[in-house]
Amino acid sequence: MSARRSAMFLSAVALAAALAAPAAAPAQDEPDTDAGAAEEAAPAAAPAGARSATGAPPMAVPADFGGSLQVVRAPAGTAGAAAASGGGPEIFPDARRVWMSVRDTDPVPIEAARRGGRWLCSGGGCAAQTGDPGQSPIGDQILRSIKLQTPTLPLPLTVWGRLSEDGQRLLDFDPVLLGRRSYRHVCAYRPVAPIADAARSLAGAPGVPAAPPRGDVDRVDVCRDGRPEPPPPDAGELTLGMQWPKQSEMADFHYLAIVDSCGNARVQPFQRTFTVPVLEVASGGCGRPDGKVLRVFPGGGWLRVTAFNLHEPAAGNVVNATYRVTIPPLENLVESNPARLLFPDPLADDLKVDCGPTPIAPRADPGSAPPPGSARPPGPTGPAAAPPGGRAAAGKPRGGAGTPPPAGARQGPGAAAQGGPAGPVQAGLPPPPPRRAPDADPSRPGPQPLAHGAVVISPTPLRLGNCRIRLTGQTKHRLVAPLALHVSLTRTDQLRGGAPIELLQDGTWIVTPSSAEFPLPPLAEDFDGDARLRLAVHSDPMSPQGKVVLLSDAGRVASSLRSTDPGDPERARRLVGSVAIHSVPLCGEDNFETLEAAGTCFRAYLTVPAMLATLQITRAPWVEKPLVTRSVLSAVGVALAIDRYDPVERRAFPVAAQLGGFVQTLGEGRVGLLGYVGIAPTVPILGSGGNTTSFGFLAGIGLEYITNEAGPDEGLKPAAFLSAVVQVGQAAPQVSASRSASFGTYAGD
């Protein structure tokens with residue numbers, strides 16, 4: 001008997017030593033993986049009702065829940081659900097006080113247990129053991145990465161989770177300037193017991209099932225999602241990548257519940273690595289909870305992650321385990337080189353080039369009107385109309401449930417400038433009407449987008465420096481930090497050293513909401529009136545003057561931004577927009593046209609025709625004989641030529657009309673002065689463009705006055721001729737023959 005007691009005593013001592021052994025911290029036991037590798041390797045979400053690895057063999061070493069916030073244990077030998085008595089703990093902390101959405105599994109048993117229905121601990125036999133109430137390293141290591149996904153981003157972008165040189169995870173990008181994805185379609189279960197007016201006021205609201213009678217806990221309506229709204233291109237979705245602690249992993253946990261500090265919960269099947277979508281509330285407090293999506297804040301916060309079962313313990317007698325997970329700040333206000341802000345890429349029509357003969361005040365662009373809530377324009381402002389009842393309307397909390405706050409509306413010194421009135425308000429007066437942008441004249445040229453097309457610009461605005469690039473669009477008003485772009489203007493029809501000629505010495509463009517224009521400097525050197533140019537705008541994410549990175553550049557330059565040797569900034573640039581410019585005279589009609597609208601125009605120029613041979617058909621057939629005479633190199637004249645010219649193609653119509661005169665030597669002491677109207681070819685034989693030196697035939701009719709040194713003058717006679725001529729001239733188109741000729745004026749935006 002004594003031997004048996006001794007064996008039992010030794011077994012008890014060994015078991016106590018095993019239970020008292022400290023758990024190894026995962027940060028030291030398992031090597032650090034790449035940021036986000038855990039959630040990237042996570043398997044696909046399990047279908048509804050699925051569970052993970054059922055029937056797994058019992059663990060040889062008891063699981064360690066060190067650092068947990070709470071562990072719920074069932075009595076030894078518990079195998080099924082007990083009778084409902086309402087005295088047991090909740091299935092996860094504060095289950096009756098939060099709004100809950102259930103994803104990828106059957107929500108009926110979870111919601112029924114939350115209302116007090118049958119589950120493992122509903123009989124009151126389970127006990128909740130409180131662990132570490134505060135922050136714990138084991139719980140914080142559950143969060144492995146924070147990623148961002150947008151409709152225009154091919155792969156998720158890691159904004160937090162990359163390891164620094166000392167092993168600390170860093171915030172690489174601040175996503176506050178992006179739009180917010182809508183989660184209004186998500187259906188959620190409201191709290192069982194309405195503890196606030198918010199819960200009562202939302203009863204029967206869209207996406208919220210009706211509350212059953214309090215005594216009917218077994219009838220649960222399935223909460224079905226509505227149709228999601230199509231996300232805009234700049235809508236960002238933040239996703240938390242998490243990994244359950246390795247030392248407390250249980251193969252038989254069925255569910256995971258993730259609860260934020262605002263009263264919202266998300267329940268999904270248990271997986272060791274999993275992802276959770278969240279919404280960053282950029283301003284205000286939590287707002288009204290709705291359970292549709294979890295909330296995180298720029299200043300950081302925390303989540304509770306609970307692995308739990310409903311009808312059988314995971315291993316031994318463990319029913320659920322809860323960890324507190326710290327969410328890092330999504331803004332960096334401490335470091336001298338803080339994380340750069342992400343900004344959506346400009347659309348094809350947001351970057352525009354605009355030109356005119358004289359400096360023009362920019363006209364309000366309907367597509368770039370400031371969003372509601374921004375500062376009013378300077379000047380006297382009228383008061384707002386009083387609401388019904390004579391009291392001022394109370395401001396609604398920003399960032400409330402189901403209504404994502406406006407991007408960039410972060411609280412701070414600039415908050416008053418964004419939402420406050422510009423001047424004193426007098427009661428009883430109606431608000432001023434909104435300022436309407438003047439209608440653009442569709443017949444006049446206006447700003448053209450840098451959408452990799454082509455435009456035609458007269459040389460005058462480029463020589464005077466009256467061209468500029470503008471960034472328009474709604475997203476520009478979110479830009480609370482400088483965005484660095486680079487502008488290049490190269491001449492492509494001439495080369496220097498085998499490369500195009502760069503016409504801009506400094507193309508750095510720092511964009512802010514109040515300064516979103518880049519004036520092109522006056523062009524003089526390496527520029528003439530007939531040139532081919534390429535205007536291009538590149539992003540410059542590595543510029544030290546910029547604090548904003550475009551979405552398309554973030555994944556490519558993320559490692560360089562944190563590196564001690566960032567590399568060549570020029571290699572990090574990316575083409576955002578470009579346009580080919582044909583700089584040609586436009587006959588004085590317009591200074592700025594699209595390539596399709598430029599067309600051809602009439603031009604007038606002086607030319608000097610020299611007759612190589614003239615076939616004089618007649619001067620006065622009823623008087624003179626013979627009717628046909630011939631002379632070689634006997635005449636030279638001056639004529640005004642008019643033809644139709646295409647400045648883009650640098651090609652004229654092959655025949656021009658002429659109005660001019662000749663001085664002819666007719667022989668036998670006679671000299672003729674011939675005024676004529678004729679036609680002649682314009683096919684150049686030397687040069688191109690404005691060069692009109694040509695060889696061909698000139699035919700015309702007119703009047704000729706003939707003088708005679710030997711006898712009396714013959715007087716004025718009609719004449720017709722056909723001559724082989726060489727014409728020398730240089731056209732400089734300045735006059736337009738269209739009905740809407742403006743002679744250098746400009747009415748563009």
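Because only heavy atoms are used, hydrogens play no part in the values below, and waters and symmetry mates are left out as well, while side chains stay in. Throughout, numbering of the chain's residues begins at 1 and tracks the sequence.
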State which residues pass salt bridge (charged side-chain N to carboxylate O under 4.0 Å, His left out) with [X]; sequence neighbours excluded, sorted by chain then number.
{"X": "Arg574", "value": "Asp345, Asp553"}
{"X": "Asp260", "value": "none"}
{"X": "Arg573", "value": "Asp540"}
{"X": "Arg304", "value": "Asp94"}

In terms of relative ring orientation, are Phe65 and Phe253 parallel, tilted or perpendicular, with 30° and 60° separating the classes? perpendicular
Any salt bridge between Lys292 and Asp225, counting N to O under 4.0 Å?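 Looking at Asp225 together with Lys292, the answer is no, because their closest N to O distance does not fall below 4.0 Å.
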Under a 4.0 Å threshold between the charged nitrogen and the carboxylate oxygen, would Lys246 count as salt-bridged to Glu249? no
What is the distance from atom CG of Leu177 to atom CG of Leu341, rounded to the nearest 0.5 Å?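 The CG atom of Leu177 sits 4.5 Å away from the CG atom of Leu341.
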Side chain to side chain contact (heavy atoms under 4.5 Å, CB included) involving [X] - partner list, sequence neighbours excluded:
{"X": "Ala481", "result": "Lys547, Val548"}
{"X": "Ala554", "result": "Leu157, Phe173, Leu342, Val549"}
{"X": "Pro233", "result": "Thr152"}

Carefully, step by step, assess Trp244 and Phe274 under the rule ring pair (Phe, Tyr, Trp, His ring centres under 6.0 Å). CA-CA 8 Å; Trp244 186 255; Phe274 56 97; 7.7 Å; no
Can you pull out every disulfide bond (SG atoms under 2.5 Å apart) where at least one residue sits in residues 245-276? Sequence neighbours excluded, please. Cys262-Cys286
Checking Phe92 now: which residues fulfil ring-ring contact (aromatic ring centres under 6.0 Å, His included) with it, not counting sequence neighbours? Phe308
What's the shortest heavy-atom distance between Pro541 and Leu561, and which atoms? O-CD2, 3.9 Å
Tell me every residue that passes side chain to side chain donor-acceptor pair (under 3.5 Å) with Gln268, counting only those two or more places apart in sequence or in another chain. Arg266
Would you kindly say whether Asp140 and Thr326 are connected by a side-chain donor-acceptor distance under 3.5 Å?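 Note: Asp140 and Thr326 side chains meet the donor-acceptor criterion.
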How would you list all residue pairs meeting side chain to side chain donor-acceptor pair (under 3.5 Å) that involve residues 123-134, not counting sequence neighbours? Arg73-Gln129
Any pair counted as salt bridge (Lys or Arg N to Asp or Glu O under 4.0 Å), so long as it reaches residues 231-245, sequence neighbours left out: Arg181-Glu237, Asp234-Arg478
